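As structure tokens, the structure follows; a few thoughts come after it.
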Amino acid sequence: MSVPTSRVDQEMTSAPHPFVPAPSDGLPDDLFPEVTVARPRARKSSAPSTDKLLEGLNPPQQEAVLHAGGPVLVVAGAGSGKTRVLTRRIAHLVGERKVHPGSILAITFTNKAAAEMRGRVMDLVGNRAKLMWVSTFHSACVRILRSEIGRFHVSRTFSIYDDADSKRLMQLVANDLELDPKRFPVRAIMTWVSNCKNELVDHESARGRAAEGSVEASYAEAYAEYQRRLIAANALDFDDLIMTTVHLLQAFPDLREQYRRRFRHVLVDEYQDTNHAQYVLVRELCSADVEPGPETIAAEPPELMVVGDSDQSIYAFRGATIRNINDFELDFPGARTIMLEQNYRSTQTILSAANAVIGQNTGRKPKNLWSDAGDGAMIVGYVADTEHDEAQFVAGEIDRLSDADEGRYGDTAVFYRTNAQSRAFEEVFIRVGLPYKVVGGVRFYERREVRDAIAYLRAISNRSDDVSVRRILNVPKRGIGDRAEAAVADLANRERISFGEALRRIDDIPSLATRSANQLRGFVDLMDAHEAMVAEGAPADAILTSVLEASGYLAELQSSSDPQDQTRLENLVELVTVAREFVSGVAVLAAADDDVVEQAFDPAAELAALTASVEPRAGVRLAELPPEFDPLDPEQDLAAGAAEVDDSLGAFLERVALVADSDQIPSPDQESAGVVTLMTLHTAKGLEFDNVFLTGFEDGVFPHMRALNDPDELAEERRLAYVGITRARKRLHVSRAIVRAAWGTPQHNPASRFLTEIPDRLVDWRRTERAVTSWRNTSATTRSSQSWRSTVGYAAPKPKVREIPVLTAGDRVLHSTFGLGSVVATSGAGDDTKADVDFGSAGLKRLSLKHAPLEKL
DNA sequence: CAACTCTCCCTTTTT
DNA sequence: GGGAGAGTTG
């Protein structure tokens, strides 16, 4: 699924969307034209020999690939080829050891990583690998929950609430409970609840634990009410996905035993970033000493392999605990540990820097990464005056490297600690015309119009989804105000029904104005009509376009004069395209599944091979296995897959909820290869680039201010630095700015302690603080505070004396209000010279060169 | 009921 | 600087 990550990357590829007209043209007849989706290439290779699978691997890697028997912990340093090991191992299992692909569960950190791993394995062993479960914890849990509908309070159509939805719901709860927003900010309640869920503490236990009248008691009360409404709305939040699945398996031992028997191999990547709930899930599936239910027949637990690096644990803030990887041998007795210390990614210089920094962390198991790639280039260091200066250095350096043929744009990445820091880079990169792509940041799915559209779909698919229904109740404006909404909410509360149901009973609300009641009826009719479309099997994209038009949402945007609304329209078109690709993609997959069964499967033989590999425990006979569930039957999986396909809308919504924009990181083989990648250090995990720029190395920025006086958080920041450094293959650049604008005001920051931890002999300093200091002494004191502010603040300084630019068609220009544009044509001469400039979404303008605030780029 | 202004955070990091 | 939510006015 192709999702733009930000407005910016659209601009960089080609400003206007091909389906969106220039503003002056009016709208096309068909705003959402058909798009054909390419069928994915078929993968039909035969299983490779073991020799082939081990090719190019060092002994410990080979050992990991071939390991058979008990649990394994692979401690893999950065760049030691752990993904490769996992991929080859799965191929080995399927190809050589004849393990049924459907009995493999591989957990990756992102959906993107899952897709890549799946693709690589399929390249190695062919289409039958399609039956593997390769996904994130969250996706795997959704899949399990969907299959086990009816066992728990989860219905067929449930909404998955992301952080924004959860926050909105908690806001409603806090309002209704009249919690003092000063003492109990919604944000704090959310964190508290999330921690509870990660620790598998449900709302009743949380209530029981909290002392009467304590602060915790209020939190627990909010938790309970929040949970009640989630359940009423048929919704699960992110943490619920894991917690509910764990509780499900614990509550139904027979069910757990079915999954334990089904999955013969469980592999977990990035194990250092698992939280407690995820750890328990793994334990329930794989531990040898889980109590089977009284009536249940126990099988040998699946073979478990986890891969991770405790030095790369950077998600403690969301509940990840290093304990899981450090105590693996305690949790899974008899576990074997394999160390991968040879690094295949970076030069020795880069590794030495990484080792020196991470070595400052106390209480870690020492590890020494080494490389035989040679020393390579020195690390380049730069101390900038301001963040703009820093960005300029980075842009210039990228350009220089590109000219010297030392790194294409696509092999180059710029990392920073917080998303807000991307701004300075974007400004400078646009100015110098350096193509780039921001990953993360303001995300596609967080845009207001996209969220509105998704809310429509969710409301249609699940009328009990109060948060979604209420979000779009009066969007676009249809005369349903706070009063009307409150009246309906009142009825819902009184009758203990959902807001959506209350809407159907507006006749029971006498206080409602006739006009409001009519509008509400119209809204219900709109929803009903589209619910009927779903029932008739209309695909997600058709429902989306239909509801956008019927609701008047499109019309409102189209008639608006706000230029932002044009962008919103483009984003909606993009969303429709995403939906359409999804629908076609699912159809293609379903068709491909037929091929799989026909060409690659001999179900009887597969089943026989597998049954042989499932060793029942002593005293239990295989014949006693419950007959109704055959975890090894591929047909059941295909049937489950078909069930997902038949509800196109639900499947689409599920996908939308679970993808992250980091899943859109450009792969080397994508066309975006010619573009510099900008992202946060967290997003950078698992990636590698020839040239890496680590920026903002200032105490207070990185390490972040809030980590400065907490040793644990500081250690995590240092691991983040370690992750950043080890992303670089050939050349590493580190930089900091003396002055950085934060909240619109300049801030003076000292050098990051991490910077001083890199041995000086490894760094070639292009510019040091000394140069900066002398500059500050000569000029800074003489400036007025206002001009100083404009130098460091966000307002770009404009030259005082402006020359009339000489422009020809094709030139790129910057306009102070319209932004970036390209010259289409020029006319006139001398002072009367005019230029027609295309400003993309801002439109085509004819400007007088003498007067217009234009700058040639 | 909607449009407008004002104030208050905001900036950690994300499945 | 800027977005979201609250508060105020038409």
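Because the structure is a prediction, the values reported are computed rather than measured. Numbered from 1 within each chain, the chains take letters A, B, ... in sequence-line order.
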Margin query: With rounding to the closest Å, how many angstrom separate the C1' atoms on dT11(B) and dA6(C)?
Written below: 22 Å

Margin query: Strictly below 4.0 Å, N to O, side chains only: are E426(A) and R423(A) in salt-bridge contact?
Written below: no

Next item on the list: Please state whether the phosphate of dT13(B), meaning OP1 or OP2, lies under 4.0 angstrom from any side-chain nitrogen or oxygen of N419(A).
Entry: yes

Check: Does T110(A) place a side-chain N or O at less than 4.0 Å from the phosphate oxygens OP1/OP2 of dT14(B)?
Finding: no

Can you give me the N/O atom pairs linking the protein to nucleotides 1-8 of chain B at distances under 3.5 Å, or say none if there are none?
unit_1 : atom_1 : unit_2  : atom_2 : d
dC1(B) : OP1    : S516(A) : OG     : 2.9
dA2(B) : OP1    : G479(A) : N      : 3.2

Item checked: Between dC9(B) (P) and Q171(A) (CD): distance, integer Å -> 13 Å

Check: side chain to side chain donor-acceptor pair (under 3.5 Å) with D163(A): which residues, sequence neighbours excluded?
Finding: none

Checklist line | Residue whose nearest DNA chain B nucleotide is more 5′ - R318(A) or R187(A) | finding: R187(A)

Checklist line | L172(A) CG to dA6(C) P, straight-line distance once rounded to whole Å | finding: 11 Å

Notebook entry, point to check: Distance under 6.0 Å and angle within 45° of the ring axis: does R323(A) meet both against Y279(A)?
Noted result: yes

Notebook entry, point to check: Cationic tip of R736(A) within the cone over F702(A)'s six-membered ring, i.e. under 6.0 Å and within 45° of the normal?
Noted result: no

Next item on the list: For E270(A), check salt bridge (charged side-chain N to carboxylate O under 4.0 Å, His left out) against everything at least two apart and list the hits.
Entry: K82(A), K685(A)

Note to self: Between the base of dT13(B) and the ring of F317(A) - centre-to-centre under 5.5 Å, planes within under 30° - is that a stack?
What the structure shows: yes

Item checked: Rounded interatomic separation in angstrom, taking CG from L658(A) and P from dT14(B) -> 17 Å

Note to self: If I take atom CD in residue Q747(A) and atom C1' in nucleotide dG1(C), what distance separates them, rounded to the nearest angstrom?
What the structure shows: 14 Å

Next item on the list: With sequence neighbours left out, write down each residue that passes side chain to side chain donor-acceptor pair (under 3.5 Å) with S159(A), or none if nothing qualifies.
Entry: N462(A), D465(A)

Next item on the list: Would you kindly give the NE2-to-P distance between H682(A) and dT14(B), to the nearest whole Å?
Entry: 7 Å

Item checked: From dT15(B), dT11(B), dG1(C), nucleotide with atom closest to A420(A) side chain -> dT11(B)

Note to self: Counting the atoms with a prime plus P, OP1 and OP2 as sugar-phosphate, which does D163(A) contact under 4.0 Å by heavy atoms, base, sugar-phosphate, or nothing?
What the structure shows: base

Item checked: Residues in side-chain contact (heavy atoms from CB on, under 4.5 Å) contact with K167(A), at least two apart in sequence or another chain -> V186(A)

Margin query: Tell me every residue that passes side chain to side chain donor-acceptor pair (under 3.5 Å) with Y553(A), counting only those two or more places apart in sequence or in another chain.
Written below: D452(A)

Margin query: Applying a 4.0 Å non-hydrogen cut-off, can you work out what F137(A) is touching in the nucleic acid: base, sugar-phosphate, or nothing?
Written below: nothing

Next item on the list: Please determine if a side-chain N or O atom of T680(A) lies less than 4.0 Å away from the OP1 or OP2 oxygen of dT14(B).
Entry: yes

Check: How close or far is atom P of dT13(B) from atom CZ of F415(A), stated in whole angstroms?
Finding: 16 Å

Checklist line | Protein-nucleotide distance (R448(A), atom CZ; dA4(C), atom P), rounded to Å | finding: 8 Å

Notebook entry, point to check: To the nearest Å, how far apart are I314(A) CD1 and dT14(B) P?
Noted result: 9 Å

Notebook entry, point to check: Which one, dT13(B), dT15(B), dT11(B), comes nearest to the side chain of H704(A)?
Noted result: dT11(B)

